[in-house]
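Note sheet for the following structure.
From a predicted model like this one, the values you see are computed outputs, not experimental measurements. Start at 1 and go down the list; that is how both ligands and their atoms are numbered.
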Amino acid sequence: MSTITERINLSAPWIDEHDEERVLEVLRSGWLSLGPTGPRFEALLADAVGAPHGAAVSSGTAGLHLCMRLAGVGPGDEVITSPYSFVASANCAIYEGATPVFADIDPNTFNLDPLAVEAAITPRTKAIVAVDIFGYPAEYDELLALCERHGIALVEDACEALGAVYKGKPLGSHGHPAVWAFYPNKQMTTGEGGAVTTHDAAQHELLVSLRNQGRLETSSWLQHGRLGYNYRLDDLSAALGVAQLEKLGRILEARAAVAASYGELLAGVDVETPLADDADHVRSWFVYVVKLPAGVDRDAVMARLSAGGIATAPYLPSIHLQSYMRERYGFTEGMLPVSEDCSARTMALPFHARLERGDQERVVDALRAALEPQA
Ligand SMILES: Cc1ncc(COP(=O)(O)O)c(C=O)c1O
């Protein structure tokens, strides 16, 4: 347990000697990119999520962008997504000249409300980017039915949800492309990095080409068959990914145990704790987000926790109210009331696989005190 003066960080990766060894092996081999470790990482990841193909990329954002290319999204198209997410899930549409259209969320799951999505569909809708926010699976059966009925592509932003299960099967195994991210605050990390898993060989082939400057399988190094990007993941990062995947089960178990411990400690504290799993949705724990009662000054609560050495974050601001979104599209307050209410009241507590019970007690004691009327 940390001493009272020690800061408790919001997140921390779980790196051990095995991770170091795997990275050193690649470093010593001298084969730092386009070597054998990338495909090994991809095979392990695809296997973990129940998909036939995995393409590693340089970030989750890059993966989302490439999925817009897979879906043929372009100028004049609309892409429906969640306002209560990280900006990348909407930015990917803008990169291809399309317009992001936000549908409101369900107040319990914080994920896209399929009825709101249906109401947002127009003849210009080309794709839906569904997000498994905070690792909780979105409503894929309903969303897929909408996509099939309207001829729209479904892309899953599973960047926060590696290891989550929807209707008894892992996210990634349900047929549509899924995007993963491995920044150090995620369940597992490659430093920077991401991946796209697919169930279609042609889509996989296109991803592999797009991430590698548009080279074709048969191209030589300086021949490019299409407009592409450098979205490759290097082999050092892939090696860390291999090591992390080798202990993914332990990581996910440890995170679930830390979350359960918060659940116990927060009983009786005046906050809403994260939605519990049910038969159709099993969360993979990414962050631990609580919702404060309406009317509580969240900034003041966060400042009190910070003064006690405890990091928190206002997870998540609504994307449509970011300054560049307002300027570009004229979005304003009141457009998406459920998302905006969540954005005003939700707060992430320190959370990672090896957060100690004593530190969690310190966090919860400080939160309880911060919520009391101040003298
Ligand atoms: C929901 C969501 N989408 C996309 C991303 C983007 O991933 P990256 O930071 O690897 O580009 C993140 C990462 O924070 C995320 O949480």
Query - First-shell residues of ligand 1 [heavy atom, distance under 4.0 Å] - result: S59, G60, T61, L64, S85, F86, A88, V131, D157, C159, E160, A181, K186, G193
**Report entry** Parallel, tilted or perpendicular: ring planes of W285 versus F351, cut at 30 and 60 degrees
**Finding:** tilted
Query raised in the report: Who pairs with A164 by side-chain contact (heavy atoms from CB on, under 4.5 Å), at least two apart in sequence or on another chain?
Result: P137, A161, L171, S284
Query raised in the report: Within a reach of under 6.0 Å around OH of Y183, are more than 12 heavy atoms found that belong to other residues, nucleotides or ligands?
Result: no
Query raised in the report: Can you find a heavy atom in the side chain of K291 that is under 4.5 Å from one in the side chain of F110?
Result: yes
Query raised in the report: Would a line drawn from the ring center of Y140 to the ring center of Y166 be shorter than 6.0 Å?
Result: yes
Query raised in the report: Using 30° and 60° as the class limits, which term best fits the ring planes of F331 and H320: parallel, tilted or perpendicular?
Result: perpendicular
